[in-house]
Amino acid sequence: MKNDRFLMMIILSVAALVIAALALFFIRRDDQQYGPEDSPEGVVRNYLLALQKGDYERSYAYLADDDNKPAFDDYQNDLLVLSRELANISVQLGETNQTGEKALVNLTLIHAAGGPFADSWRETNTALMVKDSTGAWKIARMPYPLWGPAWYPVKSPD
């Protein structure tokens, strides 16, 4: 009888910890806020956060205004197609190398493992940032899957 009570207390304690952990997870899940947009890394961070939140209008506003900028509907449709891949990566921002009106933000993309015994893998890449006519930083290139493959096609020399 004494052992049953002790075992029941352990089970109830574990259940309480699980419930508390789940509550904290769901409460803090949407807690991230947008930050300042006065630096290349700030714009990249806000772009990634907008993608995570599904705020396509805000993320679209961070794209550089170029002749080859995709239409908003195409942009949104591409991101919806990429949503499965986007859900399986996280991004770490690294150093920023700025030269005049351009900057490169180093990124580490961490791809989730495909199964319970598979390892996640990392990929290093960069985001190309440019200043627009107002002095705001805009994104000109990002690595896949944060960027649609058909956006801003590379221009061939004439």
Side-chain angles (χ1 to χ4, degrees), residues 18 20-158:
V18 168
L22 286 172
L24 281 173
F25 172 77
F26 287 111
I27 289 171
R28 294 182 46 110
R29 189 173 187 179
D30 294 326
D31 195 26
Q32 289 194 14
Q33 302 296 320
Y34 294 104
E37 299 173 353
D38 57 353
S39 67
E41 59 274 5
V43 171
V44 170
R45 181 192 177 280
N46 286 344
Y47 174 78
L48 296 170
L49 185 57
L51 289 181
Q52 180 184 4
K53 291 183 173 196
D55 188 351
Y56 300 124
E57 290 177 6
R58 183 165 187 152
S59 64
Y60 184 76
Y62 293 121
L63 303 184
D65 292 323
D66 186 284
D67 293 337
N68 296 315
K69 183 176 182 177
F72 177 75
D73 290 338
D74 295 335
Y75 170 79
Q76 186 174 13
N77 289 336
D78 287 346
L79 286 176
L80 291 172
V81 169
L82 294 171
S83 64
R84 187 177 203 188
E85 291 181 61
L86 288 170
N88 289 323
I89 65 165
S90 60
V91 181
Q92 290 178 340
L93 298 179
E95 279 187 23
T96 299
N97 301 312
Q98 184 177 338
T99 310
E101 303 294 309
K102 292 186 178 185
L104 291 174
V105 179
N106 293 323
L107 305 173
T108 302
L109 279 67
I110 304 165
H111 298 264
F117 301 109
D119 290 332
S120 61
W121 56 282
R122 294 172 180 259
E123 168 191 4
T124 57
N125 215 315
T126 56
L128 173 62
M129 308 295 294
V130 294
K131 274 193 178 180
D132 68 5
S133 59
T134 67
W137 287 103
K138 298 290 183 171
I139 303 169
R141 295 255 190 286
M142 288 281 275
Y144 180 85
L146 304 169
W147 196 258
W151 304 347
Y152 300 90
V154 177
K155 297 173 188 172
S156 61
D158 293 333

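Expressed to the nearest 0.5 Å, how far CG of Asn106 lies from CG of Leu93 amounts to 9.5 Å. The CD atom of Gln52 sits 12.0 Å away from atom OG of Ser59, with the distance rounded to the nearest 0.5 Å. Trp121 CH2 to Leu109 CG: the interatomic distance, rounded to the nearest 0.5 Å, is 8.0 Å. To the nearest 0.5 angstrom, Tyr62 atom OH is 10.5 Å from Leu51 atom CG. Note: Asn125 CG to Thr108 OG1 = 9.5 Å, rounded to the nearest 0.5 Å. Summarising the geometry, atom OH belonging to Tyr56 is positioned 10.0 Å from atom CG belonging to Asn77; distances are rounded to the nearest 0.5 Å.
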Evaluate side chain to side chain contact (heavy atoms under 4.5 Å, CB included) for Glu37 paired with Trp137, printing each intermediate quantity in order. CA-CA 8 Å; Glu37 299 173 353; Trp137 287 103; over 6 Å; no
Using the rule given for side chain to side chain contact (heavy atoms under 4.5 Å, CB included), can you reason through Val91 versus Leu146, listing the C-alpha separation, both sets of side-chain angles and the distance that settles it, and then say yes or no? CA-CA 10 Å; Val91 181; Leu146 304 169; 4.0 Å; yes
Stepwise side chain to side chain contact (heavy atoms under 4.5 Å, CB included) test for Gln92 and Ile110: CA-CA 8 Å; Gln92 290 178 340; Ile110 304 165; 3.9 Å; yes
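In this structure a side-chain-to-backbone donor-acceptor pair under 3.5 Å is present from Ser39 to Gly42. Although no hydrogens or angles enter the test, the distance criterion places a donor-acceptor pair under 3.5 Å between the side chain of Asn88 and the main chain of Arg84.
Checked against His111 for a side chain to side chain donor-acceptor pair (under 3.5 Å), the options Arg122, Glu85, Glu123 give a single hit: Glu123.
For the residue pair Pro145 and Leu86, the shortest heavy atom distance occurs at O-CD2, 3.3 Å. The nearest pair of heavy atoms linking Asn46 to Pro36 is ND2-O, 3.8 Å. For the residue pair Ala127 and Met142, the shortest heavy atom distance occurs at CB-SD, 3.2 Å. Across all non-hydrogen atoms, the minimal contact from Met129 to Val105 is CG-CG2, 4.0 Å. The two residues Leu107 and Thr126 come nearest to each other via the heavy atoms CD1-C, 4.3 Å.
Trp147 and Trp151 have perpendicular rings, their planes meeting at more than 60° on a 0 to 90° scale where under 30° would count as parallel.
Between Glu57 and Phe72, some side-chain heavy-atom pair lies under the 4.5 Å cut-off. The closest side-chain heavy-atom distance from Leu63 to Tyr75 is below 4.5 Å. Two residues are said to be in side-chain contact when any heavy atoms from C-beta on lie closer than 4.5 Å; Arg58 and Tyr47 fail this criterion.
Cation-pi geometry between Lys53 and Tyr34 is met: under 6.0 angstrom from the ring centre, within 45 degrees of the axis.
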